[in-house]
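The next block holds one structure in the form of structure tokens; read it before the comments.
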Amino acid sequence: MKNPEEIFELLKKEFPEAILGIDKEAPTEPIILIDPPQIKTISLFLRDNPELRFDSLMVLSGVDDANGTKVKDEDGTDVISGGTLSVYYHLHSVYLKHKITLKVSTPRGNPQVESVYNVWRTSDWHEREAFDMYGIIFLNHPDLRRILMPYDWNAGYPLRKDYKNPEFYQGMKVPY
Amino acid sequence: MGLLDKEFSDGNVVIAKVDDLFNWARLSSVWQLGFGLACCAIEMMATSASHYDFDRFGVIPRNTPRQADAIIISGTVTLKMATRIKRLYEQIPDPKYIISMGSCANCGGPYWEHGYHVLKGIDRVIPVDVYVPGCPPRPEALLEGLLKLQEKIRNESLRKKTV
Amino acid sequence: MYQFLFNLSGSEIIATIFTAAVILVFILLFVLFAVWFERKVSAHMQDRLGPMRVGWHGVLQTIADFVKMLQKEDIIATEADRKLYTIAPVLVFTGSFAAYAAIPFSSKLLGSEVEVGIFYLLAVSSFVVAGILMAGWSSNNKYSLLGAMRSAAQIVSYEIPTALVVLSIVMLTGTLSLEKISQLQTAYFWNWNIFGGPEFSLAKFLLIPFMFVGFLIIYISTLAEVNRTPFDIPEAESELVAGYFTEYCGMKWAMFMLSEYANMFAVSAIVTILFFGGYQSPFGYLGNSIGAEWLVPFEQAFWFIAKGIFFVFVQMWLRWTLPRLRVDQLMTVCWKYLIPYAFLNLIIVGFISLL
Amino acid sequence: MALKTETMILNMGPQHPSTHGVLRLELELDGELIVNVKPHIGYLHRCFEKHAEAMSYPQVIPYTDRMDYLASMYNNFGYVIAVEKLLGIQVPERVEYIRVIMGELQRIASHLVAIGTNGLDIGAFTPFLYLFRDREKILSLFEMTCGARLLYNYMWVGGLSHDIHPDFVRLTKEFINYFRPTITELNNLLTFNKIFIERTANIGVLPLDTAINYGVTGPSLRGSGLAFDIRKEDTYSIYDRFDFEIPVGQGLVGTVGDSWDRYYVRILEMEQSLRIIEQAIDQIPDGDVKAAIPKRIKPPKGTVYTRVENPRGELGYFIISDGNLNPFRVKVRAPSFVNLEVFGELCKGHLVADVIAILGSIDIVLGEVDR
């Protein structure tokens, strides 16, 4: 059983460039920030290191940080440009009983994160969901399709903060 | 809505009696399509189960639309599901009836404002006979909805409506 | 009955039609009753009431259902094979209706005194398979197809144990005629085949356990032949939606239901005739004791139908108690257990009857 | 020489009697053997996470009800715990006790449906109705407490919407006395029924390492033989005060981790829930259930991830607060969503009839899968 600071130190020693920092601002648990392309390597290390053994991914959540600048597009609505989208990974170890949170941030214009499909199979649908809701591309995911929204949905990514609902979908009126 | 409906122009005694018989048969044997969508489906199941017992009114679930008479839209209809429901509706042979159960099916319910993937009312896709309000409606409310539907069927006629 | 009408009218055709009509009316009435009865039985087993709103305790429920189905639109899917699709329900119903021709309801009321009655019954009841396969294939629906395939395999397999048990009874009684088999078990219930037959000897007592085994085997396999739980795999509501009649609606579907319930009674009748004295009363006849001999056939019909309905009730009872088997387990039950046991039973019964 | 055959695609659902709602399964069949299963979800996607971002913290609670509609109380429970942790408030003892009792009653009610539908899928109709009859009794307990039968909105941030009814304690005890023999009856009728065992034992065996890698939790994981229960593992509320066991699958009639084990774990869990309720019901302290409810819920900036043991598994709420009245982001780790992922793996090589037996044993609620 290790606390997040110890895990951070361990990771920092192992991967000096990939670990960007630790965010202790959160009231409950600290968050380790990671470089998006390296997430898979670090995940493998976290899973296979006998001292860590993070064998289970509890949840993978996409987040729209909404930290870009708001600009008006042609029909006068706010669109966020720039800033980042983030992915949070909540891990725990079934046997060693410790938990940790990882976070990667990727630019909103071209959101790309390495997939952890081969590390934890839990991430399969979670990554598809993050793609569906935020448009984050998970590189090397074998089956990155929409999951909750219809496959032919082309009105954007609904959970982005600047999402606009379409007027019609297949002839059905969408707004109330 | 049946094959013979509104085929006869004059209302003689025979037609009136046949009307009564046909309507009686229709209303006493409303077989529902065994199909649940969301939370309301659990209340629909509770209605069919021992305590409330839908079977008392002759309602039994049939799993295939071909053998059903009524479809109870029990829950939130999403855009992805709406086209499927429409198809199910089309597969039911006439005469067919729709009970819209619960706020979500009536008008979108609590999802009316921000539900980007929720159809705001099943009546945008298929015609509804009875609306049952509630979120979810209690089994008693669904039973009442069925009684209202029976009342509606009782007033149907084989005669053409003359203006 | 046929003889009586023939003597009365002097015409074969009239006699045939009347006999057939009586049996058809019986089937219709029985189905009307059985569907209602099934719903009531299941409801009361499940702490419910069942149909209550039409007539006394919902007795008119089946009539309402029937009249409603008359009015339903008749949909035939575009991709379906129209000819086969239309013939299939007729064929299935014909199969189960034809079986009734040889069933003796009483010593006077029987359609036809075929000498090879039991053989005829076994042959005609497999007629249904063709209809079911047709229905499944012509619907052009994958669920229907799977259901029909399962059903065909099931009915064909389960005919073997049925036939083997029937064979042991035929050996014992020395006749293929259902009427004669019934006649032999006359007077009191200890003369029934399940209690070793009418002959009072050592063989009678030796036979009793093997007759019980035979009865169990034939009851289980007839249960499978009429597709009832735990062998309702062709219809398996929770897997195949509605099996081979998924695509059928209105009256065509009603014909399937009609034949299903008619079959239920038919197989119960077979079990009754082979093991439970057929139309014979268990305690002697009221008509004989009060000197009104015309009453006896009616009493016999009463006993026959009562026994039949009792076995139908047991079928319903099983249906609402047991889960269903899987398709491979169903075959295992048949080929690995029922058939060897039926064979063994046949051999032993043969030896005993030689005693 | 092997005959070359083609596979057939069979679509199960979204309208199918045993997909437990609007799940669509694309089965690739070779005869009746399953070659591949592709679940398609999203037919009940009701945009919970969007609603959570648009509503204030207390307004989100009714929407949590509607996710896992068979275990609404527990969804409330998980959410309010998360918000309370974010706010850093302590709720009164009385509230904690009532929450635990409600949560465990809800667990029983939910398991009753899970067990009943599992039986129903296999063709046992009668046990299903018996269980619904018993569930009705729990619902009436809920109804007398908060007026709703299915979706309660009962647990509020820092308290409860209503205090319990004066008769509640007596009626709950009556229910416990009524319910214990019912479990025995159920075991006789269904659990140890030979046909039921034949249908579920050795079917859909979920090995432990696969289960962990797929993130399976709840009775499905415990069925595979690991005593992992968040009530003990990462204890919350006052679960550490009660004495109860974590039932695990032992392979009594087949292999550890088969469908029957997952089913039987639920039955044993109902007994443990009864034990917890029995211990808690006598100790409810006096007090006010609304004392700690804050006037304005405006948590500080930060993130929180809490998890509770929902009847279906680990229910997690990940809340990001930006210091406003509305949450910035609420992500739900829905147990059914994760448990359903492993379903395709379990089905391979089984027959069509087994698909529904396996689906019934992992017990999903589509409202939660799709949110």
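The model shown is predicted, which means the values in this text are computed figures rather than measured ones. In what follows, chains are A, B, ... by sequence order, proteins preceding strands, each numbered from 1.
Around atom CE of Met316(C), more than 12 heavy atoms belonging to other residues, nucleotides or ligands sit under 6.0 Å away. Counting heavy-atom neighbours within 6.0 Å of Lys142(C) NZ, excluding the residue itself, gives a total above 12. The number of heavy-atom neighbours closer than 6.0 Å to CD of Glu90(B), taken from other residues, nucleotides and ligands shown, is above 12. Heavy atoms of other residues, nucleotides or ligands lying less than 6.0 angstrom from CH2 of Trp137(C) number 12 at most.
For His114(B), the ring-ring contact (aromatic ring centres under 6.0 Å, His included) test picks out His51(D), with sequence neighbours left out. Not counting sequence neighbours, Trp24(B) has no partner by the ring-ring contact (aromatic ring centres under 6.0 Å, His included) test.
In terms of heavy-atom proximity, Cys249(C) sits nearest to Pro93(B) at CB-CG, 3.8 Å. Residues Thr64(B) and Thr246(C) share a closest heavy-atom pair of OG1-O, 2.9 Å.
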task = Test Lys68(C) against Asp69(B) for salt bridge (Lys or Arg N to Asp or Glu O under 4.0 Å), laying out the working first.
result = CA-CA 9 Å; Lys68(C) 178 208 72 184; Asp69(B) 308 298; 2.7 Å; yes
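Although no hydrogens or angles enter the test, the distance criterion places a donor-acceptor pair under 3.5 Å between the side chain of Gln67(B) and the main chain of Tyr248(C). Under a 3.5 Å cut-off, the side chain of Glu73(C) and the backbone N or O of Asp94(B) do form a donor-acceptor pair.
Of the two parts of Glu247(C), the backbone and the side chain both hold a non-hydrogen atom closer than 4.5 Å to a non-hydrogen atom of chain B. In this structure, chain B has heavy atoms under 4.5 Å from both the backbone and the side chain of Phe245(C).
Residues of residues 37-54 of chain C lying within less than 4.5 angstrom of chain B, judged on heavy atoms, are Arg39(C), Gln46(C), Asp47(C), Arg48(C), Leu49(C), Gly50(C), Pro51(C), Met52(C), Arg53(C), Val54(C) in numerical order. Near-neighbour residues of residues 255-267 of chain C relative to chain B, defined by a heavy atom under 4.5 Å from a heavy atom of that chain, are none.
Counting heavy-atom pairs closer than 4.5 Å to chain B, the top residue among Val67(C), Asp65(C), Leu60(C), Ile63(C) is Asp65(C).
If you take NZ on Lys72(C) and CZ on Arg26(B), they are separated by 8.5 Å, rounding to the nearest 0.5 Å.
Using a 4.5 Å heavy-atom cutoff, the side chains of Arg66(B) and Ile75(C) are in contact.
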